[in-house]
**Student:** 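Structure in structure tokens, see below.
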2 protein chains.
Amino acid sequence: MNEPAIESRFEEYLKRQNLKMTPQRRRIFEKAFEVHEHFSVERMYEWLKAETGPAVSRATVYRTLEVLEKGGFIEAVETGRGEVVYEHVLGHEHHDHMVCRVCGRIEEFQDEEIETLQRKNAEKIGFVMTGHLLRLSGICCDCSASLREEGRFEATLKELGA
Amino acid sequence: MNEPAIESRFEEYLKRQNLKMTPQRRRIFEKAFEVHEHFSVERMYEWLKAETGPAVSRATVYRTLEVLEKGGFIEAVETGRGEVVYEHVLGHEHHDHMVCRVCGRIEEFQDEEIETLQRKNAEKIGFVMTGHLLRLSGICCDCSASLREEGRFEATLKELGA
DNA sequence: GTCAGTGCAAATACTTTGCATGATA
DNA sequence: TATCATGCAAAGTATTTGCACTGAC
């Protein structure tokens, strides 16, 4: 889906919810779909502050990201390093995450077989499943390479409790 | 493994790390292995305050749970409802969690097949996997039943964004 | 014109930390 | 007796909220 099409969906959504389109909401929305990386509240705030345009306060970033999440436009991802980041959703298939414990890099992967097994487990236990979180953590390709070069790979593994 | 055996492991661990056994640490440790439910920092603090024994401050609970986690005696579980709870580890096999979004209840399940698939995905992407988090969320058996009785099941599902 | 949104600053919730005191090995 | 641990209160950190004002529809 292209950007303008997504944006008009957002406008429709706001209308349906009796919410208003404001310059602040527009800026946040557009930024969220313009970037192709995960972002925190703080990061979004910094981006908007650094660029020209109507000022956006932190409070508004918090409030707007909440609206976007409820509307299914973005999704929160807990990184396991004590932070929450967001990613835009529309036009992207469901996927899970792999977080590098050294550099924080987040990679995505999909596995339909795992999804199926999850549903089976939920059923077995009598749960009606509404969502799931699968997050692998470890050391990414690049960090492994440089750690090995420096001879610190094994030590880092141990440090991470593996 | 029985309780005293686990506790002597804790003592050995402390010795190895040049840490000291204190009445506070002992109380926290014993409580963590005595209960068979997940507990938050606050809950642990309240438990100890309500029982007789050497006083334990919140700061000490925080600090001691950190020691226990680093030592591999307990594990932190992010519930996805904005809280972190702990569970003791020794004597329990690895498992994943299913969290009820209505009552907060946490169930455990194991699936070796999922574990294998996770490792395969990590490999595929060049990640050295050191850990993972799989958390299903939904509505537990009991809550489903009572919601259906009250005719609020569908509405609740929608509320949860499913 | 009405109602919702915004910015600000204060409030909240949770966790960590500095420091003086006390306890363990 | 040399550390290490504890309790307390203060300081962080991240997020939410009340309120007066502004702006969208």
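Residue numbers start from 1 in every chain, and the chains themselves are labelled A, B, ... in the order their sequence lines are given, proteins ahead of strands.
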**Student:** Any idea how A:His38 and A:His97 line up, ring-wise: parallel (<30°), tilted (30 to 60°), or perpendicular (>60°)?
**Tutor:**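 A:His38 and A:His97: perpendicular rings.
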**Student:** Just the rounded figure in Å: distance from P of D:dT16 to CD of A:Glu69.
**Tutor:** 11 Å
**Student:** Check the hydrophobic clustering (I, L, V, M, F, W, Y; side-chain heavy atoms under 4.5 Å; chains of links allowed) and say if B:Val89 and B:Met44 are grouped together.
**Tutor:** no
**Student:** Just the rounded figure in Å: distance from P of D:dT6 to CD of B:Glu66.
**Tutor:** 12 Å
**Student:** At 10 degrees resolution, what angle do the end axes of the helix from C:dG1-D:dC25 to C:dA25-D:dT1 form when each is taken over five base pairs?
**Tutor:** 30°
**Student:** Please determine if A:Glu113 and A:Lys120 form a salt bridge, counting it only when a charged side-chain N lies under 4.0 Å from a carboxylate O.
**Tutor:**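 Judged by the 4.0 Å cut-off on N to carboxylate O distance, A:Glu113 and A:Lys120 do not form a salt bridge.
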**Student:** Going hydrophobic residue to hydrophobic residue with side-chain gaps under 4.5 angstrom, can you get from A:Leu133 over to B:Met98?
**Tutor:**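 A:Leu133 and B:Met98: separate clusters.
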**Student:** So B:His94 and B:His132, would you call those rings parallel, tilted or perpendicular, with 30° and 60° as cut-offs?
**Tutor:** perpendicular
**Student:** Are A:Val102 and B:Val128 connected, step by step, through hydrophobic side chains (Ile, Leu, Val, Met, Phe, Trp, Tyr) whose heavy atoms are closer than 4.5 Å?
**Tutor:**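 Hydrophobic grouping puts A:Val102 with B:Val128.
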**Student:** Among residues 47-65 of chain B, which contact DNA chain C at a heavy-atom distance under 4.0 Å?
**Tutor:** B:Ala59, B:Tyr62, B:Arg63
**Student:** Just to verify, which of A:Gln17, A:Arg16, A:Lys15 counts as forming a side-chain contact (heavy atoms from CB on, under 4.5 Å) with A:Leu19?
**Tutor:**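 Only one option passes, and that is A:Gln17.
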**Student:** Expressed in angstrom and rounded to an integer, what is the separation of A:Glu78 atom CD from D:dT15 atom P?
**Tutor:** 12 Å
**Student:** Starting at CD of B:Glu11 and ending at P of D:dC4, how long is that distance when rounded to a whole Å?
**Tutor:** 19 Å
**Student:** Apply side-chain hydrogen bond (donor to acceptor under 3.5 Å, both in side chains) to A:His95 and A:Glu87, showing your working.
**Tutor:** CA-CA 11 Å; A:His95 54 259; A:Glu87 63 185 12; 3.1 Å; yes
**Student:** Report the relative orientation of the aromatic rings in B:Trp47 and B:Phe39; use parallel for angles under 30°, tilted for 30 to 60°, perpendicular for over 60°.
**Tutor:**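 Taking B:Phe39 first and then B:Trp47, their aromatic rings sit tilted (interplane angle of 30° to 60°).
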**Student:** Looking only at heavy atoms, which two atoms of A:Glu78 and A:Arg135 are closest? And how far apart?
**Tutor:**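 So the minimum-distance heavy-atom pair works out to O-NH1, 2.7 Å.
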**Student:** Go through residues 14-30 of chain B and report each residue with a non-hydrogen atom lying under 4.0 Å from DNA chain D, sorted by number.
**Tutor:** B:Asn18, B:Leu19, B:Lys20, B:Thr22, B:Gln24, B:Arg25
